[in-house]
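Here the structure is a predicted model, which means the values were calculated and not measured. All ligand and atom numbering here is 1-based and tracks the order in the structure.
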Amino acid sequence: MALYSDKVMDHFRNPRNVGTIEDPSGVGEVGNTACGDIMKIYLKINDEEIIEDVKFETFGCGSAIASSSMATELIKGKHVSEAMELTNKAVAEALDGLPAHKMHCSVLAEEAIQAALEDYKSKKAQ
Ligand code: FES
């Protein structure tokens, strides 16, 4: 069996939603101190609290790039409350699995999205 699923390879080679958003509704940046990988998520959220657009920049391993790509696809068009519930497990499952020692890469995606949503909420509360 191949170490990485076709979906992981596809999202690694062809990542969706790479880039930045100008004047974003929320930004989240997280890093994994063990491997040094960094992930940044940008959100554009409308008045109905729907995530209209999401982009990412990831300086990291292939699994982190595939996880960011899949995570952005999973929350695009979703309500903020639904996006809050996205777990790294759901990201890994959507990728048809990650090797056990690469699960932490999907955790980075969950944390970066959470951080961006928190940023959005704190900006809105001002
Ligand atoms: Fe660090 Fe994948 S090895 S995020």
Practice task
Name all residues meeting the side-chain contact (heavy atoms from CB on, under 4.5 Å) criterion together with Glu48; count only those two or more places apart in sequence or in a different chain, and write none if there are none.
Solution key: Asn46, Ile50

Problem - Leu74 vs Ile113 side-chain heavy atoms within contact, under 4.5 Å - result: no

Practice task
Please report the C-alpha distance between Thr72 and Asn17 in whole Å, then the side-chain angles of each, then the deciding distance to 0.1 Å, and finally whether the side-chain hydrogen bond (donor to acceptor under 3.5 Å, both in side chains) criterion is met.
Solution key: CA-CA 7 Å; Thr72 56; Asn17 309 311; 2.8 Å; yes

Sequence neighbours excluded and cut-off under 3.5 Å, please list the side-chain donor-acceptor pairs for residues 56-67, or say none.
unit_1: Glu57; atom_1: OE1; unit_2: Tyr42; atom_2: OH; d: 2.9
unit_1: Thr58; atom_1: OG1; unit_2: Ser68; atom_2: OG; d: 2.8
unit_1: Ser67; atom_1: OG; unit_2: Ser63; atom_2: O; d: 2.8

Completion exercise
So the protein N/O/S atoms within less than 2.8 Å of atom 2 (Fe) of ligand 1 come down to Cys61 SG, Cys105 SG

Handout entry: ILVMFWY clustering at 4.5 Å (side-chain atoms), partners of Val30
Key = Met39, Leu108

Exercise for the section: Take Arg16 and Asp10, measure what salt bridge (charged side-chain N to carboxylate O under 4.0 Å, His left out) needs, and give me the verdict at the end. Expected result: CA-CA 10 Å; Arg16 328 302 197 252; Asp10 177 34; 2.8 Å; yes

